[in-house]
Amino acid sequence: MTQSLIFVQRKAIRAVGDDESSGCSVSLNTLTFVSTCSRPIMKGEELPGLLVNEIGGMHGILHDHVEFLKKHFCLITMKEFLENKKNMSKKVQAVYLWWHKPVIDKDLLQSLPNLKVIANSGVGMDHLDLKLVASFGVKMANAPCAVSSSTADTGMALLLASARRLVEGYHVAVSPGMEYCEADFLGVEVTGATLGIIGMGSIGYKIALRAKAFEMKILYHNRTRRKEQEEQAVGALYCEKIDDLLCQADFVMVVVSLTPQTHKLIGKREMELMKPTATLINISRGAVVDQEALVIALRSGVIRAAALDVTYPEPLPRDHPLLKLKNVIITPHLGIKTDKATRMITEEAVENILAALAGLPMPSEVHPS
Ligand SMILES: O=CC(=O)O
């Protein structure tokens with residue numbers, strides 16, 4: 001199988017995918033790496049160099065991913081690269097960013113004359129200077145298909161946990177001698193409640209699908225309105241203005257990418273527009289919400305609660321006021337992390353890199369805005 005065939009095959013899957021409405025194929029997943037990306041290695045063929053931060057250890061690529069990557073690339077770690085820059089720099093044709101590492105700066109880009117593509121292990125690209133990378137003629141890709149289901153699940157898990165006060169309840173249940181009365185832990189009913197989704201890309205859409213099963217009313221705001229049939233499929237109503245969504249929703253779910261336009265998108269004014277009984281859920285990036293304003297809003301009852309998979313910084317300093325509030329749930333940016341999603345991320349990265357190296361359009365190319 002040639003690289004171009006691989007791409008055509010995947011493109012065909014996308015075109016008929018059972019998840020067309022979210023813009024992603026869901027067919028590329030299994031619990032082991034799929035073989036659609038693999039190709040026979042010709043005798044004597046030199047595999048393209050793929051720069052990765054490190055292998056294994058606390059922050060490095062998982063070993064089973066390494067085995068898969070080695071079928072397509074000659075892996076070069078940052079350590080090997082820095083120790084032998086002269087020989088290695090020309091070999092590197094692609095970089096795989098594993099949880100934002102290695103850091104891509106001008107120095108690194110200048111030292112990689114044959115670099116053609118950078119693939120990211122996730123959907124958010126805010127850690128990368130897209131314009132800088134593009135100015136070196138290097139293409140970029142993310143992995144939106146791989147992460148949409150797992151991230152949508154995290155959003156719903158946070159919504160349910162906050163509504164039903166599961167974390168508070170857990171602490172009481174496991175604390176010896178803790179007493180509680182029947183009226184404690186009154187939560188908020190999710191069935192029939194209104195969910196406002198800010199950001200209706202593939203993750204937002206999958207949240208809507210899940211919320212529909214919970215019989216929620218769904219409002220959404222997005223830069224571009226979804227097609228009528230997509231809206232109807234999940235029963236979502238479009239709010240052209242975020243404010244209209246904020247003042248009606250019982251749960252506000254933030255799913256936008258972090259850009260200069262979305263930085264502190266949800267601030268004091270927006271929280272004051274929300275119902276005092278509303279819950280804010282953030283699964284995008286911490287900086288999309290003004291955290292100082294959030295602390296005040298949570299302390300003073302401007303909103304009921306918050307559930308955050310993302311904060312700034314990550315992790316929060318131990319003495320951060322958000323960590324002291326009972327009406328907050330915080331998880332350590334685990335949104336996309338499932339066994340299946342992480343494997344799919346690496347598959348999607350390989351698919352993108354192979355397409356770029358073959359001079360073909362990449363399935364999930366990212367352009368600077
Ligand atoms: O945070 C997760 C991602 O960017 O995919």
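Whatever order the structure lists ligands and atoms in, that order sets their numbers, starting from 1. Note that the structure is predicted; figures quoted are calculated from it, not measured. Below, each value reflects all heavy atoms present in this structure, side chains not excepted, and no hydrogens, waters or symmetry copies.
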| Short N or O distance, Arg285 and ligand 1, threshold 3.5 Å exclusive | yes

| said: Less than 4.5 Å apart, side chain to side chain, heavy atoms only: is that true for Asp339 and Arg343? | reply: yes

| said: List ligand 1 atoms under 4.0 Å from His333, heavy atoms only on the residue side. | reply: 1 (O), 2 (C)

| If you count the atoms of ligand 1 from 1 in the order shown, which ones are under 4.0 Å from a heavy atom of Gly124? | 3 (C), 4 (O), 5 (O)

| request: Kindly assign one of parallel, tilted or perpendicular to the pair His100 and His127, based on the angle between their ring planes and the thresholds 30° and 60°. | output: parallel

| message | Does any N or O of ligand 1 fall below 3.5 Å from an N or O anywhere on Val147, backbone included? | response | no

| Any N/O of Ile336 closer than 3.5 Å to an N/O of ligand 1? | no

| query | Are the side chain of Glu270 and the backbone of Gly267 linked by a donor-acceptor contact shorter than 3.5 Å? | reply | yes

| request: Pick out which of Asn114, Leu112, Leu108, Leu50 makes a side chain to side chain contact (heavy atoms under 4.5 Å, CB included) with Val92. | output: Leu112

| So which protein heavy atom does atom 3 (C) of ligand 1 come closest to, and at what separation? | Val123 N, 3.4 Å

| Donor-acceptor pair between Tyr96 and Thr346 side chains, under 3.5 angstrom | yes

| task | Would you mind checking if Arg225 and Glu231 are paired as a salt bridge, meaning a charged N to carboxylate O distance below 4.0 Å? | result | yes

| task | Taking only heavy atoms of Gly122 into account, list the atoms of ligand 1 that are under 4.0 Å away from them. | result | 5 (O)

